[in-house]
Amino acid sequence: AAAPSRPEPRARRERRKREPTTAAPTPAPAAPPERDPRRGLYLRAALGVGPRIGSISNTTDTQLDQADLSLSGWGPALDIAMGWAVAPGFVIGGGLFLDWTSRPTLAAEYNGRRVEATQEHYRLTSFGPFVDWYPKRSTLGLHIEGGIGVGLGSFAGDLPATVVDRSASGVTFFLGTGYEWRIAGALAIGALLRLTGAALASDTEAHGLFSPSLLLSFTWF
């Protein structure tokens, strides 16, 4: 049989009472989750400049069927866009894009003869959907965009001895890449290279335009 246990001495019991008890450490409160800057509302305005290179062909005047009309000049570019990030860093939205050239040169070559004239302006206005993708998640940085839309080309000025329509409509498309730096809260500043193309037509003419632009962008995202 087991021997009966001896009672704990009184002095040991009192010493144990006087010893401070070590409390379990209280875990630090969890930090609130940081807002992902790559989600939510997306607003952008951009302004820049670039060359405008185009061609115009007459589709009705038989005397100009073999004439080669080309357009060249420099001018400003403007972007106004709004969208929503449907996934981190992936924006879907719509925008208005303007490519303008003031005092462009319109040249016609026919039977070995070249005729040039300075025009008042050539303006391409397009609007439609676009996507903008930011590969990184922690900062804005690099982004790649693309879109397609409806465009209106507005022309002012006539080349001598030709019939030039003053407007044409059709399809526009663009690709762009840029880099952005956050400067305050959701506001970022960046540089954007945009390549725009257009295939436009009217009752009498077909217009083609290639319009690269370098823009300074301001983005709220």
Side-chain angles (χ1 to χ4, degrees), residues 38 40-56 70-86 89-106 119-135 140-157 164-181 186-202 205-221:
R38 317 308 298 280
L41 181 64
Y42 170 102
L43 300 172
R44 187 187 69 202
L47 180 65
V49 66
R52 316 293 176 229
I53 305 169
S55 63
I56 303 173
S70 61
L71 177 78
S72 60
W74 284 74
L78 175 66
D79 289 10
I80 300 176
M82 180 175 65
W84 188 267
V86 297
F90 188 78
V91 177
I92 295 179
L96 176 68
F97 311 96
L98 176 66
D99 295 277
W100 174 287
T101 175
S102 180
R103 309 295 293 173
T105 298
L106 185 66
Q119 308 303 302
E120 296 177 18
H121 74 262
Y122 190 97
R123 180 177 62 244
L124 174 65
T125 305
S126 58
F127 57 93
F130 73 94
V131 296
D132 201 353
W133 176 51
Y134 293 79
L140 288 175
L142 177 71
H143 67 107
I144 302 170
E145 63 179 28
I148 188 170
V150 177
L152 175 65
S154 175
F155 185 92
V164 177
D165 197 63
R166 294 190 179 258
S167 64
S169 59
V171 178
T172 61
F173 53 90
F174 75 91
L175 293 173
T177 183
Y179 200 95
E180 294 180 344
W181 298 268
L187 181 63
I189 189 173
L192 173 65
L193 175 63
R194 172 166 59 83
L195 307 177
T196 302
L200 313 175
S202 66
E205 294 175 352
H207 295 224
L209 184 68
F210 176 64
S211 178
S213 300
L214 182 62
L215 303 101
L216 178 66
S217 63
F218 296 91
T219 306
W220 181 274
F221 183 28

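Here the structure is a predicted model, which means the values were calculated and not measured. Computation of the quantities below employed the complete heavy-atom set of this structure, encompassing side-chain atoms and omitting hydrogens, waters and symmetry-equivalent molecules.
- Contacts of T177 classified as side-chain contact (heavy atoms from CB on, under 4.5 Å), with partners at least two apart in sequence or in another chain: L142, I144.
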Extract all donor-acceptor atom pairs below 3.5 Å that involve side chains of residues 192-200 and protein atoms in other chains or at least two apart in sequence.
{"residue": "R194", "atom": "NE", "partner": "D79", "partner atom": "OD1", "Å": "3.2"}
{"residue": "R194", "atom": "NE", "partner": "D79", "partner atom": "OD2", "Å": "3.2"}
{"residue": "R194", "atom": "NH1", "partner": "D99", "partner atom": "OD2", "Å": "3.4"}
{"residue": "R194", "atom": "NH1", "partner": "T196", "partner atom": "OG1", "Å": "2.6"}
{"residue": "R194", "atom": "NH2", "partner": "D79", "partner atom": "OD1", "Å": "2.8"}

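- Not one N or O on the side chain of R52 forms a donor-acceptor pair closer than 3.5 Å with the backbone of R123.
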Name every donor-acceptor pair, under 3.5 Å, that has one atom in a side chain of residues 214-221 and the other anywhere in the protein, sequence neighbours excluded.
{"residue": "S217", "atom": "OG", "partner": "G190", "partner atom": "O", "Å": "3.3"}
{"residue": "T219", "atom": "OG1", "partner": "E180", "partner atom": "OE2", "Å": "2.7"}

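- Rounding to the nearest 0.5 Å gives a distance of 9.0 Å between OG1 of T172 and CZ of F127.
- No side-chain heavy atom of V91 sits less than 4.5 Å from a side-chain heavy atom of V86.
- Here the closest heavy-atom approach between residue L71 and residue P104 is recorded as CD1-CB, 3.6 Å.
- The CG atom of D132 lies 5.5 Å from the NE2 atom of H143; values are rounded to the nearest 0.5 Å.
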Stepwise side-chain contact (heavy atoms from CB on, under 4.5 Å) test for I80 and L43: CA-CA 8 Å; I80 300 176; L43 300 172; over 6 Å; no
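- Here the CG-OG distance, from L152 to S126, works out to 10.0 Å after rounding to the nearest 0.5 Å.
- Pairs engaging residues 212-221 under the salt bridge (Lys or Arg N to Asp or Glu O under 4.0 Å) rule: none recorded [sequence neighbours left out].
- Nearest heavy-atom pair, V131 versus I92, reported as atom, atom and distance to 0.1 Å: CG1-CG1, 4.1 Å.
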Step-by-step side-chain contact (heavy atoms from CB on, under 4.5 Å) determination, V171 to I148: CA-CA 7 Å; V171 178; I148 188 170; 4.0 Å; yes
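- A distance below 6.0 Å separates the ring centres of H121 and W100.
- The distance from the OG1 atom of T125 to the CG atom of L98 is 5.0 Å, given to the nearest 0.5 Å.
- Nearest heavy atom pair, residue R44 against residue F97, reads NH2-CE2, 4.2 Å.
- Residues satisfying the ring-ring contact (aromatic ring centres under 6.0 Å, His included) criterion with W84, sequence neighbours excluded, are absent altogether.
- The heavy-atom pair separating G83 from L41 by the smallest distance is O-CD1, 3.7 Å.
- Listed by chain and number, the residues in a side-chain contact (heavy atoms from CB on, under 4.5 Å) with S72 are T105 (sequence neighbours excluded).
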